[in-house]
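The structure appears below as structure tokens.
These figures come from a predicted structure and were not determined experimentally. Atoms considered below: every heavy atom in the structure, side chains included; atoms not considered: hydrogens, waters and symmetry mates. Whatever order the structure lists ligands and atoms in, that order sets their numbers, starting from 1.
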Amino acid sequence: MVGGGPAGLTFARVLHRHGHPVTVLERDPGPEARPPGGTLDLQEGLGQRALDKAGLLPEFRALSRPEGQAMRILDPDGTVLRDWRPRPDDRANPEIDRGQLRDLLLDTLDVQWGRGVTHVVPGARDGVLVHFADGRQEALDLVIGADGAWSRVRPAVSSVAPHYTGVTYVETSLDDVDTRHPDLARLVGDGSMAVYGVNRALVAQRNSGGHVKVYAQFRAPLDWHADLDLTDAEAVRSSLLALFDGWAAPVLDLLRHGSAFVHRPLYVLPVSHTWTHVSGVTLLGDAAHLMPPLGAGANLAMLEGAELAESLATGPGDPDETVRAFEGQMWARAGRWAKMTTAGLERLVSPDPTAALALFDQVQPS
Ligand SMILES: Cc1cc2nc3c(=O)[nH]c(=O)nc-3n(C[C@H](O)[C@H](O)[C@H](O)COP(=O)(O)OP(=O)(O)OC[C@H]3O[C@@H](n4cnc5c(N)ncnc54)[C@H](O)[C@@H]3O)c2cc1C
């Protein structure tokens, strides 16, 4: 297994539960090597189903935040347009911090940290040859690439590379909001708050421990920052404040009080990305079907990890046939989600801000 993200760790956990040892080869030097990222909503039929297969649903329920499903939508002038809160017993899409999910999955798994893969070569005499950044190489029977958007395993099965969507996110965050920024804590509420304007949006999401992540989202060419030093937080802040000029002051305070800014141009793979089956190599999660980040990527990655592990552990016969059957199932489901999330991104960061509101009304239970 190459990659210790949601796909790789869920695969390893489920295989481990069935009594099979598995090694996760992870590029990061350790679990705390970089900030784990924001919050994820895990859907009942996807991410939660995967955790159930891993035997981790009770632990997830204890850690997750059902109240985090709350969603508030504002006009750029600050008017509240929608203020949806889940029922107390609603467990459809509870939120969990990525770091908490990673620790839950990691537990006692055998992860080899600092083992970045550079490329893999199928069809070698001893199996699939895996080349590492430190110059070593190893022959394995089955290599599963769960190494994310810029997968180094993908070229072994597909020549397709991700392309830019035309939408960029710039992420910032606020700590300890309830005591340091109580007005912003109230504005964001228990879950997410979104403001939609013309070709731009500002979304804030509450994480655990009073941490809030803020995403400035806008349509722009890939080189929009050509005259900007992205490592200069004050310069990025000024540029974003200019981009959102005229929006209500409390909304812009989310940018004024944000700490570091992280540049995230959104890349995707084609909606129906498939490949001709290659014996001994497959892909899971973002490596297989990178799509706009609208609540599906980690969910799919986890369910795929769980399903492939379960099929390999319990299915009869040839593992290669098991992988081939799994790929067909993964492509069909991921294709549907890629189509939905691509259409969703068009409406959420759109020339017509009412498209975002209409999408919310369509998908949100009343
Ligand atoms: C801002 C944002 C918000 C999102 N919100 C949600 C959400 O609410 N719900 C949701 O379902 N999805 C969400 N997503 C999408 C989600 O983050 C991804 O779909 C998910 O992380 C994919 O999991 P993965 O395991 O396939 O890949 P990744 O999470 O990218 O994990 C890949 C792992 O492989 C390792 N790796 C990379 N290259 C190598 C290499 N060469 N050798 C060895 N290891 C390597 C990486 O270090 C990493 O640990 C969001 C994405 C973004 C950007």
(message) If you apply the rule side-chain hydrogen bond (donor to acceptor under 3.5 Å, both in side chains), what do you find for His289 with Glu304, and how did you get there?
(response) CA-CA 11 Å; His289 48 64; Glu304 289 157 12; 2.6 Å; yes

(request) Determine, for Phe218 and Arg200, whether the Lys NZ or Arg CZ falls below 6.0 Å from the six-membered ring centre while staying within 45 degrees of the axis. (result)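 No, Arg200 does not lie over the aromatic ring of Phe218.
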
(request) Kindly state each residue pair satisfying salt bridge (Lys or Arg N to Asp or Glu O under 4.0 Å) with at least one member in residues 292-301, sequence neighbours excluded. (result)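 Qualifying pairs, neighbours excluded: none.
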
(request) Please list all pairs passing the salt bridge (Lys or Arg N to Asp or Glu O under 4.0 Å) test where one or both residues lie in residues 242-256, with sequence neighbours left out. (result)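 The answer is Asp253-Arg256.
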
(request) Count the heavy atoms belonging to other residues, nucleotides or ligands that lie under 6.0 Å from CG of Asp227, then report whether that count exceeds 12. (result)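 Result for CG/Asp227: open.
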
(message) Show me the pairs that pass ring pair (Phe, Tyr, Trp, His ring centres under 6.0 Å) and involve residues 297-347, at least two apart or across chains.
(response)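 Passing the test, one end in residues 297-347: Trp275-Trp331.
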
(message) Residue by residue, ordered by chain and number, which ones reach under 4.0 Å of ligand 1 with a heavy atom?
(response)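 Val2, Gly3, Gly4, Gly5, Pro6, Ala7, Leu25, Glu26, Arg27, Asp28, Arg34, Thr39, Leu40, Asp41, Arg98, Arg115, Gly116, Val117, Ala146, Asp147, Gly148, Arg152, Tyr215, Gly285, Asp286, Pro293, Gly295, Ala296, Gly297, Ala298, Asn299, Ala301.
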
